[in-house]
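Lettering follows sequence order; numbering is per chain, from 1.
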2 protein chains.
Amino acid sequence: MSEKLSDAVTKAWVRLVRARHAVVSAVEADAKEAGVLPLEWYDVLWDLERHEEGVRPFELEQRLLFAQYNLSRLIDRMVDAGLVKRMICPTDKRGQMLFITDLGKKQRKASWPHYARAVNTHLGEKLTEAETEKLAALLGKLIER
Amino acid sequence: MSEKLSDAVTKAWVRLVRARHAVVSAVEADAKEAGVLPLEWYDVLWDLERHEEGVRPFELEQRLLFAQYNLSRLIDRMVDAGLVKRMICPTDKRGQMLFITDLGKKQRKASWPHYARAVNTHLGEKLTEAETEKLAALLGKLIER
DNA sequence: TGCCGATCAATGCAGATGCATCCATATAGA
DNA sequence: TCTATATGGATGCATCTGCATTGATCGGCA
């Protein structure tokens, strides 16, 4: 039971954690400086904006990897902030449909250039185009299923 | 100011976040099942174990990317649990030296095989050796200063 | 139709985190 | 040496998260 990890796997594991932390916190720091929406809020709004027909919380949960109780409360806050609208789901009375509001669209749009610039700075500019594609492909394999 | 992100950069960004989340949460779930130390605790103990001469909190902060106030309280908990010992730093009275206790060593050692197995399952087995090395190399470029 | 296990979502409570600030000591410079 | 500034670390407070549980409805099946 005293398993071994190859050096390569150990290194990839450590760096996966470190690199994500480094990039995300740098991006968030830039965003905060610019006074734009938190990343999670942005992600939710972006998903809602691409699904004008409405989104069920559990879908968001799966797509964005939220814990159920966290998402529930995140939505509360976003509703309070006027960025998201909750409606009873017509086909399932347990559930609800979520929609982005006009204010939500406006704020998401205003946040976008800041995130784009930050991601370019902290990720895009550190790799060549080919390397970036390779990285995305490899990370993709870790996500499957 | 309405910057653009290439598709490759966007995809790499999203997958970096998702892949790390998927792998870490799968590993933590396995670890929790086995009733072993939380990942952060493990990381701290491992760092302390490799520096028997003692570690300053701010070093740990830099190496493991902790926020200062989080680390301060994490150490509190670990001291309470008897895994870490705090001593006044002889060369800087503002600071302290941290050491792992025998209990800390024992628990870290007991946790290791579970983490090794989980990391192998959720990362190692999803990539070939060559892919793993390539991934580590690319992630390395994202971390560089 | 009536019942039972599964699913969607909310919530009370304890513990963790972020932010700002504070205290103590160290260090550089006049 | 004396002062100003920087650094190491702790902490009060508000917020967020995790866990377990609850309430409501759904869907399958007898």
How long is the span from the [atom1] atom in [X] to the [atom2] atom in [Y], to the nearest 0.5 Å?
{"X": "A:D92", "Y": "A:F58", "atom1": "CG", "atom2": "CZ", "result": "8.0 Å"}
{"X": "B:F99", "Y": "B:L48", "atom1": "CZ", "atom2": "CG", "result": "9.5 Å"}
{"X": "B:S111", "Y": "B:L45", "atom1": "OG", "atom2": "CG", "result": "8.0 Å"}

Could you give the side-chain donor-acceptor pairs of residues 19-43 of chain B under 3.5 Å, partners two or more places apart or in another chain?
| unit_1 | atom_1 | unit_2 | atom_2 | d |
| --- | --- | --- | --- | --- |
| B:S25 | OG | B:H21 | O | 2.8 |
| B:D30 | OD2 | B:H122 | NE2 | 2.9 |
| B:Y42 | OH | B:R108 | NH1 | 2.7 |

Of residues 28-49 of chain A, the positions that come close to DNA chain C - non-hydrogen atoms, cut-off under 4.0 Å
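The answer is A:K32.
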Quick check on contacts: within residues 51-59 of chain A, what sits under 4.0 Å from DNA chain C by heavy-atom distance?
A:R56, A:P57, A:F58
Are the side chain of B:Q107 and the backbone N or O of B:G104 linked by a donor-acceptor pair below 3.5 Å?
no
Please check: side-chain N/O of B:R15 versus main-chain N/O of A:L139, any donor-acceptor pairing under 3.5 Å?
no
5' to 3' contact window, DNA chain D with chain A (heavy-atom distance under 4.0 Å)
D:dC16 to D:dC26
Tell me which of A:R94 and B:D92 sits closer to the 5' end of DNA chain D, going by the nucleotide each one is nearest to.
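The residue whose closest nucleotide sits nearer the 5' end is B:D92.
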Salt bridge between A:K105 and A:E52, side-chain N to carboxylate O under 4.0 Å?
yes
Report yes if some heavy atom in the side chain of [X] is under 4.5 Å from a heavy atom in the side chain of [Y]; otherwise report no.
{"X": "B:V55", "Y": "B:M97", "result": "no"}
{"X": "B:L98", "Y": "B:V44", "result": "no"}
{"X": "B:E133", "Y": "A:D7", "result": "no"}

Counting only heavy atoms not in A:K126, do more than 12 fall under 6.0 Å of its NZ?
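Count over threshold, so yes.
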Distance-only criterion, 3.5 Å: show the donor-acceptor pairs between side-chain atoms of residues 69-90 of chain A and protein atoms not counting sequence neighbours.
| unit_1 | atom_1 | unit_2 | atom_2 | d |
| --- | --- | --- | --- | --- |
| A:D76 | OD1 | A:R86 | NH2 | 2.1 |
| A:R86 | NH1 | A:Q96 | OE1 | 3.3 |

A:Q62 CD to C:dA9 C1': how many Å, rounded?
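After rounding, the gap between these two atoms is 14 Å.
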Might you point out which heavy atoms bring B:E61 and B:Q68 nearest each other, and give the distance in Å?
OE2-CB, 3.5 Å
Can you sort out which residues in residues 68-86 of chain B have a heavy atom within less than 4.0 Å of DNA chain D? Ascending by number, please.
B:Q68, B:Y69, B:S72, B:R73, B:R86
